[in-house]
Amino acid sequence: MPLRSWSLRLPSVDKVVYRGGVSHDAAGMGTGAMLYVVPGPVGFLAAVLAHGLVTNAARQKQKDELQLAADRVLEPFAPVLDGFTHQQLMQAGLQRMSVGGSKRLLTVTEPAGTDWLIESAPVFSMTQDQSALVLDNALRIFAPGASTVTYAQTVRVVSAPLIVAAAAPPSPGPSASGVVPLWLESQGRRLTDESAALFAESMDIALTDASARVGDENAAHKTFRYPEGGSERMERAQPLAERCGRTLIRTLRGWLMSIPVGLSAGSGQCPAAAPAS
C-alpha cells in the first residue's frame with residue numbers, strides 16, 4: 001500500500017512522554033505486546049500508556065514503585081522536557097524523514113481528508129547511565145476515509161550511547177554521569193534533536209514496512225547483541241536490513257527494532273536502507 005499522501009495526527013497528550021529506563025520483570029511482568037484495539041483516535045496514546053493496568057493490584061504497585069525510582073534519572077532534564085511538546089517533536093521528525101510523499105501534521109481533531117491517516121504514540125526511555133534514549137513508537141495506519149486499522153506496529157529505536165571525552169568532569173545531580181552537560185548544551189538542543197531523529201527513524205521504518213513488508217519473512221532467527229547505554233542487551237530476532245551503523249530486526253513478538261552497532265549518538269542522518277546479507 002504506497003502512502004503517497006499521508007497525514008500524522010498529533011496525540012491528545014500535549015507533552016512528550018519520557019521515562020526512566022526500567023525492567024518490570026522484577027514485578028513479575030514484562031513489557032508485553034502493545035494493544036491496538038483502542039476506542040477512538042483521541043485516546044490512542046493514553047491507551048498505550050495505560051497498557052498493563054489490567055494486572056493485579058500488587059504487581060501494579062510494584063511496577064509503579066520501580067518506575068518512580070527509575071524516573072529520577074530524568075531530574076536534570078526537567079527544564080527541557082517539561083516544555084517539549086508533541087507538536088515540536090513531530091514537526092522536527094517529519095523534516096528528518098527520508099520516506100517521500102506528501103505529508104502534513106494534523107491537530108487532534110482535524111480530518112485527514114483523502115490522505116492516509118497515521119496515529120503515533122511515542123514513549124521515550126532514558127537509560128540509567130543517562131547516555132542513551134530508547135523510543136517505543138506504537139503506530140496505526142488508516143486508509144483514506146476508513147475507520148478500521150489497515151496497519152499496526154510497534155517500532156523500537158535504540159540510540160547509540162553518547163560518548164564523553166575522558167577529560168570531561170562528572171556532573172552534579174542524582175547521578176555522576178558526565179553526559180548530562182552534553183545533553184543540555186544549547187538549552188537541551190542535543191536531547192530534543194536526538195529524540196526527533198529517533199522518531200523520524202521509527203516513522204521511516206513503519207512506513208517502509210507498511211508499503212512493502214521489510215526483509216525476508218523466512219530469514220533464520222539469530223541472537224543480536226547491542227549496546228543500550230552502557231549495558232549490553234540481547235534480542236532474538238530476524239535480520240532485516242543494515243545501514244549506517246545500525247541493524248533493523250524483527251523481534252519474536254513481531255516488533256520492528258533498530259539497534260546501534262557502531263555510531264555514537266547524534267552522528268547524523270543515514271542513507272536509505274539496504275537489505276541485510
Side-chain angles (χ1 to χ4, degrees), residues 1-18 31-52 84-124 135-157 192 195-215 240-241 248 250-251 253-258 269 272-273:
M1 56 175 191
L3 278 62
R4 297 186 180 90
S5 180
W6 54 271
S7 294
L8 173 65
R9 174 173 283 151
L10 285 167
S12 58
V13 179
D14 187 48
K15 193 169 72 170
V16 179
V17 179
Y18 286 83
T31 55
M34 286 292 182
L35 299 178
Y36 293 102
V37 182
V38 180
V42 174
F44 182 45
L45 177 56
V48 169
L49 294 175
H51 178 55
F84 190 41
T85 67
H86 282 107
Q87 172 87 34
Q88 295 169 314
L89 170 72
M90 293 183 172
Q91 192 65 60
L94 291 181
Q95 294 172 358
R96 289 171 173 264
M97 288 178 61
S98 60
V99 169
S102 172
K103 49 184 176 285
R104 60 190 176 120
L105 189 60
L106 303 178
T107 64
V108 177
T109 57
E110 188 177 357
T114 58
D115 289 351
W116 289 78
L117 173 64
I118 302 174
E119 292 177 353
S120 168
V123 177
F124 291 88
L135 167 63
D136 287 321
N137 190 7
L139 300 107
R140 306 192 301 183
I141 300 179
F142 299 80
S147 58
T148 57
V149 176
T150 300
Y151 174 88
Q153 181 58 276
T154 298
V155 181
R156 174 170 288 179
V157 185
T192 56
S195 299
L198 298 184
F199 180 76
E201 176 83 0
S202 71
M203 291 287 292
D204 279 336
I205 289 169
L207 267 64
T208 300
D209 189 59
S211 298
R213 192 169 172 87
V214 175
L240 301 179
L248 178 63
R250 193 182 304 275
T251 71
R253 58 183 175 270
W255 290 14
L256 295 172
M257 188 171 176
S258 174
Q269 297 296 298

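No experiment lies behind these values; they were computed from the predicted model shown.
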To the nearest 0.5 Å, how far apart are [atom1] in [X] and [atom2] in [Y]?
{"X": "Glu201", "Y": "Ser98", "atom1": "CD", "atom2": "OG", "result": "7.5 Å"}
{"X": "Leu105", "Y": "Leu94", "atom1": "CG", "atom2": "CG", "result": "6.0 Å"}
{"X": "Asn137", "Y": "Thr154", "atom1": "CG", "atom2": "OG1", "result": "8.0 Å"}
{"X": "Phe199", "Y": "Met97", "atom1": "CZ", "atom2": "CE", "result": "8.0 Å"}
{"X": "Lys15", "Y": "Leu89", "atom1": "NZ", "atom2": "CG", "result": "14.0 Å"}
{"X": "Ser147", "Y": "Leu117", "atom1": "OG", "atom2": "CG", "result": "11.5 Å"}

Quick one: closest heavy-atom pair of [X] and [Y], and the distance?
{"X": "Leu8", "Y": "Ser120", "value": "CD1-CB, 3.8 Å"}
{"X": "Ile141", "Y": "Ala210", "value": "CD1-CB, 3.8 Å"}
{"X": "Ala206", "Y": "Val155", "value": "CB-CG2, 4.1 Å"}
{"X": "Asp204", "Y": "Val99", "value": "OD1-N, 3.0 Å"}
{"X": "Ala200", "Y": "Arg96", "value": "CB-CB, 3.7 Å"}
{"X": "Leu135", "Y": "Leu198", "value": "CD2-O, 3.5 Å"}

[X]: which residues meet the side-chain contact (heavy atoms from CB on, under 4.5 Å) condition with it, sequence neighbours left out?
{"X": "Thr251", "answer": "Glu235, Arg253, Trp255, Met257"}
{"X": "Asp209", "answer": "Tyr151, Gln153, Arg213, Val214, Arg250, Leu256"}
{"X": "Ala146", "answer": "Ala143"}

Check: [Y] and [X] side chains under 4.5 Å, non-hydrogen atoms:
{"X": "Thr114", "Y": "Ser5", "answer": "no"}
{"X": "Thr148", "Y": "Phe142", "answer": "no"}
{"X": "Ser7", "Y": "Trp116", "answer": "no"}
{"X": "Ile118", "Y": "Lys103", "answer": "no"}

Heavy-atom donor-acceptor pair, Ser211 side chain to Thr208 backbone, under 3.5 Å: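 It does not hold such a pair.
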
Residues which pass ring-ring contact (aromatic ring centres under 6.0 Å, His included) with Tyr18, listed by chain and number, not counting sequence neighbours: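 Residues passing ring-ring contact (aromatic ring centres under 6.0 Å, His included) with Tyr18: Phe124.
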
Pairs satisfying salt bridge (Lys or Arg N to Asp or Glu O under 4.0 Å), at least one member in residues 105-118, at least two apart: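 Residue pairs passing salt bridge (Lys or Arg N to Asp or Glu O under 4.0 Å), neighbours aside: Arg104-Glu110, Arg104-Asp115.
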
Gln88: side-chain hydrogen bond (donor to acceptor under 3.5 Å, both in side chains) partners, not counting sequence neighbours: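 Expected list: Thr85.
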
Residues Ser258, Ile205; criterion side chain to side chain contact (heavy atoms under 4.5 Å, CB included); working and verdict: CA-CA 9 Å; Ser258 174; Ile205 289 169; 3.8 Å; yes

